[in-house]
Chemist: 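Submitted below is the structure of interest, expressed as structure tokens.
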Number of protein chains: 2
Amino acid sequence: MNEIRSAEILCVGTELLLGQIVNTNAAWLAREMSLLGIYSFYQTVVGDNPERLASVLEIAAGRTDLIMMTGGLGPTQDDLTMASAATFAGRRLVLHEPSKAAIQEYFHSLGRHQVTGSNWKQALLPEGALILENHNGTAPGAIIEFLHHGRPVILILLPGPPSEMQLMFAESVRPYLQQRTLKKLRHRFIHMIGIGESAAEEALIDLISAQQNPTLAPYASEGEVMFRITQSCATDFDPDLTEAVLAEVRCRLGDFIYEVGPRGMPEVLSDLLVAQKKTISFAESCTGGLAAAMITDLPGASKIFKGGIVAYDNQVKQDQLHVSAATLREQGAVSEACSIEMAAGCRHVFNTDLAVAITGIAGPCGGSSEKPVGLVWLAICDSHGCRSQKLQAGGNRSRIRRVAALYAMDLARRSLLS
Amino acid sequence: MNEIRSAEILCVGTELLLGQIVNTNAAWLAREMSLLGIYSFYQTVVGDNPERLASVLEIAAGRTDLIMMTGGLGPTQDDLTMASAATFAGRRLVLHEPSKAAIQEYFHSLGRHQVTGSNWKQALLPEGALILENHNGTAPGAIIEFLHHGRPVILILLPGPPSEMQLMFAESVRPYLQQRTLKKLRHRFIHMIGIGESAAEEALIDLISAQQNPTLAPYASEGEVMFRITQSCATDFDPDLTEAVLAEVRCRLGDFIYEVGPRGMPEVLSDLLVAQKKTISFAESCTGGLAAAMITDLPGASKIFKGGIVAYDNQVKQDQLHVSAATLREQGAVSEACSIEMAAGCRHVFNTDLAVAITGIAGPCGGSSEKPVGLVWLAICDSHGCRSQKLQAGGNRSRIRRVAALYAMDLARRSLLS
């Protein structure tokens with residue numbers, strides 16, 4: 001068996017070419033390839049057109065070991081990825097009985113007993129291919145191993161809808177590929193808050209540039225500072241070398257690390273509240289409900305979250321959160337005093353263990369030299385009293401609001417740990 | 001001058017190949033090409049590697065009139081898109097004095113007076129190219145017109161950061177391309193709510209399949225039902241034929257249309273409130289602050305939004321919104337009665353012209369046969385009284401929450417228009 005060293009991601013779909021949807025599949029698969037230690041040098045998008053599909057397959061097969069294709073496996077006439085791939089690999093399409101039965105079964109489970117003719121098309125699959133079951137839809141996937149001008153190439157076909165593609169990859173493709181890469185990679189993900197990406201990189205630059213085994217590298221992630229430690233192993237039983245690197249990162253930047261693992265801030269905070277059997281509430285001004293919305297996006301939030309007040313208007317801060325008129329008049333709504341009064345009022349109103357307040361200037365207007373756009377005051381009250389924190393966030397309105405909500409959750413997290 | 005008929009989008013960046021960022025530039029540019037009437041048959045992603053860059057340029061130049069490149073124009077050693085493109089087009093890099101001055105100016109405006117050597121690299125640009133100013137950063141763009149094996153090809157280089165790329169495209173590239181396409185396209189965008197995409201398509205199928213001039217087509221958009229009418233004109237002064245199609249769509253589906261233009265629901269509602277000098281507040285259960293967060297994401301929301309209560313816990317519904325214990329006990333939190341009491345309580349608390357309430361089951365757990373996951377009760381109270389609406393949303397937790405928030409805003413919009 002030949003080792004897979006390089007992959008090309010090939011996404012099929014007119015809606016991608018028209019810009020109607022963003023190609024999240026390419027990014028998701030690219031990340032998976034990287035986690036498997038397979039180099040990915042190219043990504044291609046092409047429409048549902050047999051000549052152009054054949055031409056990009058020819059190009060890809062000439063420069064890579066593995067072609068990861070997504071899209072164009074639907075039941076309509078337009079969907080011709082499976083047929084194009086079979087032709088390219090020199091295979092006939094044959095009826096795959098288990099897939100036919102699975103499609104029948106799927107429609108029955110939806111209460112539809114008439115399966116239309118076009119749906120059976122999805123059971124016509126390349127002869128000799130490894131067929132992949134779809135547990136989120138009707139289109140099976142396929143793995144075709146073949147020789148292209150005498151060189152072994154693997155073609156993997158996955159459906160386009162992300163929920164179908166990701167499940168099929170996890171269930172069938174990842175284990176298949178793990179058997180075909182010589183390297184076993186062991187990853188650790190480190191999430192930080194309270195430090196900028198460049199400052200964190202600077203503090204770790206000698207570890208990053210060493211690039212031995214394991215390696216340490218920044219891991220770009222939406223609005224988050226993350227690092228990845230990767231150890232390349234010969235077997236699953238190699239001693240774990242990531243722990244020593246992690247320990248060194250902790251020594252230098254431990255104060256900023258809130259998770260070593262897969263969870264984001266809302267989940268970390270939520271899990272901590274569940275573990276400590278505590279409840280939380282939010283009083284939000286500039287974030288306008290965003291912190292509450294992020295916490296309640298997690299299933300089961302009702303265990304730990306009782307409610308929140310979006311106090312956008314100053315009158316609401318007074319009436320609902322009992323912020324004093326004097327504070328608003330003398331120090332303004334974006335002030336340490338106001339944030340503390342908001343948090344105290346919020347805890348009183350909701351009777352929660354913790355209450356967190358956020359008040360700031362999200363912009364783009366409304367800033368001054370004394371209180372510039374991006375200035376945010378955060379406060380937390382718990383049974384030990386109240387504490388505040390000043391934040392100066394950068395970026396546009398959406399980013400300032402998001403950063404403010406994350407820092408507010410971090411304030412709660414630190415309070416639970418102290 | 002040759003007409004530009006086809007374009008290929010070529011994005012350069014290792015962070016794309018590693019899946020660290022999603023390729024939103026490709027989708028954005030693809031949409032612009034489509035709006036300009038330029039066919040886009042391929043998209044390619046490649047890393048910052050001179051050999052691979054040259055090979056994809058060779059492939060692209062052999063199959064398209066226009067290559068739209070983004071990324072790799074930064075000041076570091078890794079950024080070699082401009083040099084690779086110049087080499088491919090047979091041009092030398094020469095110092096472009098106006099760009100050098102602009103870079104100096106940009107750093108001065110940031111208060112930095114030392115410009116490092118690597119920044120000057122961005123002023124080395126292909127001889128004879130049309131240079132595009134960057135008003136959001138330091139990297140200039142370029143347009144190179146050249147012959148590839150005797151065939152005219154246009155290469156347009158734009159920076160990778162979306163804010164820089166989009167502004168440069170709008171200021172310099174769009175006008176340039178409009179001069180080089182024979183067709184002038186006139187577009188109308190129709191936004192709908194209250195009807196599913198397939199039901200809307202079915203109602204318009206004869207207009208869609210006619211495909212004359214103008215054409216009508218569904219326009220996929222995140223969680224929204226949208227259609228696009230496109231008229232192809234010889235000149236800007238051709239009579240507007242889109243109006244008649246729009247009128248027909250209005251006849252059939254007018255009840256569901258909330259915007260003909262660029263605005264989404266939060267903006268439409270917000271503009272209407274501003275125009276009528278009215279204020280709004282939200283009482284949210286299952287959406288947990290999302291509706292308030294969406295409204296306050298718009299700058300200037302304080303004119304129309306006073307505040308909201310996230311009443312996740314039933315006790316909060318009673319204490320803060322004065323929902324009666326009997327209603328909660330006898331009909332439950334997800335009921336018409338509860339939604340109306342929430343809205344009435346909310347209007348009382350915030351003293352706003354309109355108050356909207358949302359209570360439902362976002363799942364994945366907590367549903368029953370009587371009250372399945374996705375069931376949402378919405379209510380609105382204004383000076384004329386209270387009305388409610390039942391919604392059965394599909395999809396996962398995030399989608400149900402988003403749809404509930406949008407329908408709640410629509411309820412407010414309809415109330416303002418009635």
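Chain identifiers are assigned alphabetically (A, B, ...) following the order of the sequence lines, protein sequences preceding nucleic acid strands; residue numbering begins at 1 within each chain. Not measured: the values here are computed from a predicted model.
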Chemist: Might you point out which heavy atoms bring B:A30 and A:G19 nearest each other, and give the distance in Å?
Modeler: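 Looks like CB-N, 3.5 Å.
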
Chemist: Is it the backbone or the side chain of A:V349 that comes under 4.5 Å from a heavy atom of chain B, or both, or neither?
Modeler: both

Chemist: Where on A:I9 is there a heavy atom nearer than 4.5 Å to chain B: the side chain, the backbone, both, or neither?
Modeler: neither

Chemist: Using a 4.5 Å cut-off on heavy atoms from C-beta on, say whether the side chain of B:R63 contacts that of A:R52.
Modeler: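 No; the side chains remain at least 4.5 Å from each other.
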
Chemist: When only pairs under 4.5 Å are counted, which of A:T14, A:T279, A:I59, A:D319 shares the most heavy-atom pairs with chain B?
Modeler: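 Looking at each of A:T14, A:T279, A:I59, A:D319 in turn, A:I59 comes out on top.
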
Chemist: Sort A:A405 into side chain, backbone, both or neither according to what part of it lies under 4.5 angstrom from a heavy atom of chain B.
Modeler: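 For A:A405, there is no contact with chain B at all, as no heavy atom is under 4.5 Å.
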
Chemist: Taking the side chain as C-beta and beyond, is there a heavy-atom pair between B:F41 and A:S55 under 4.5 Å?
Modeler: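 B:F41 does not reach A:S55 side chain to side chain.
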
Chemist: How long is the span from the CZ atom in B:R31 to the CD1 atom in A:I21, to the nearest 0.5 Å?
Modeler: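 Those atoms lie 10.5 Å apart.
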
Chemist: Name the region of A:T296, side chain, backbone, both or neither, that has any atom closer than 4.5 Å to a heavy atom of chain B.
Modeler: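 It is both, since atoms from each part get that close.
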
Chemist: Under a 4.5 Å heavy-atom cut-off, does chain B meet the side chain of A:D297, its backbone, both or neither?
Modeler: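 Both parts, heavy atoms under 4.5 Å.
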
Chemist: Tell me, for A:V316 versus chain B, whether the close heavy atoms (under 4.5 Å) come from the side chain, the backbone, both or neither.
Modeler: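 A:V316 touches chain B through side-chain heavy atoms alone.
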
Chemist: Using a cut-off of under 4.5 Å for heavy-atom pairs, which of A:A26, A:G300, A:G308 has the most such pairs with chain B?
Modeler: A:G308

Chemist: Relative to chain B, which of A:A291, A:A301, A:C286 shows the most heavy atom pairs under 4.5 Å?
Modeler: A:A301

Chemist: To the closest 0.5 Å, what do you measure between OG (A:S34) and CD (B:Q20)?
Modeler: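 Interatomic distance, A:S34 OG to B:Q20 CD, rounded to 0.5 Å: 7.5 Å.
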
Chemist: Please state whether the side chain, the backbone, both or neither of A:Q320 comes within less than 4.5 Å of a heavy atom of chain B.
Modeler: side chain

Chemist: Give a yes or no on this: more than 12 heavy atoms of other residues, nucleotides or ligands lie within 6.0 Å of atom CZ of B:F189.
Modeler: yes

Chemist: Which residue out of B:N396, B:N351, B:L298 racks up the most heavy-atom pairs below 4.5 Å with chain A?
Modeler: B:L298

Chemist: Output the distance between atom OH (A:Y42) and atom CG (B:L16), rounded to the nearest 0.5 Å.
Modeler: 15.0 Å

Chemist: Exactly one of B:F282, B:F350, B:F305 should register a side chain to side chain contact (heavy atoms under 4.5 Å, CB included) with A:V310. Which one does?
Modeler: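 Testing each of B:F282, B:F350, B:F305 against A:V310, the sole residue satisfying side chain to side chain contact (heavy atoms under 4.5 Å, CB included) is B:F305.
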
Chemist: May I ask you to name which of A:G47, A:S398, A:A311 has the most heavy-atom pairs under 4.5 Å with chain B?
Modeler: A:S398

Chemist: For residues B:V22 and A:N23, report the shortest heavy-atom separation together with the two atoms involved.
Modeler: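 In terms of heavy atoms, the two residues are closest at CG1-O, 4.1 Å.
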
Chemist: Quick one: pull up OH in B:Y312 and CD1 in A:I304 and give me the separation to the nearest 0.5 Å.
Modeler: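 One finds 9.0 Å between OH of B:Y312 and CD1 of A:I304.
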
Chemist: Below 4.5 Å, heavy-atom pairs only: which of B:A362, B:S40, B:C11 has the largest tally toward chain A?
Modeler: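 Highest number of pairs under 4.5 Å: B:S40.
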
Chemist: Specify which of B:C365, B:P364, B:G289 makes the most heavy-atom pairs with chain A at under 4.5 Å.
Modeler: B:G289

Chemist: More than 12 heavy atoms of other residues, nucleotides or ligands under 6.0 Å from NE2 of A:H348: is that the case?
Modeler: no

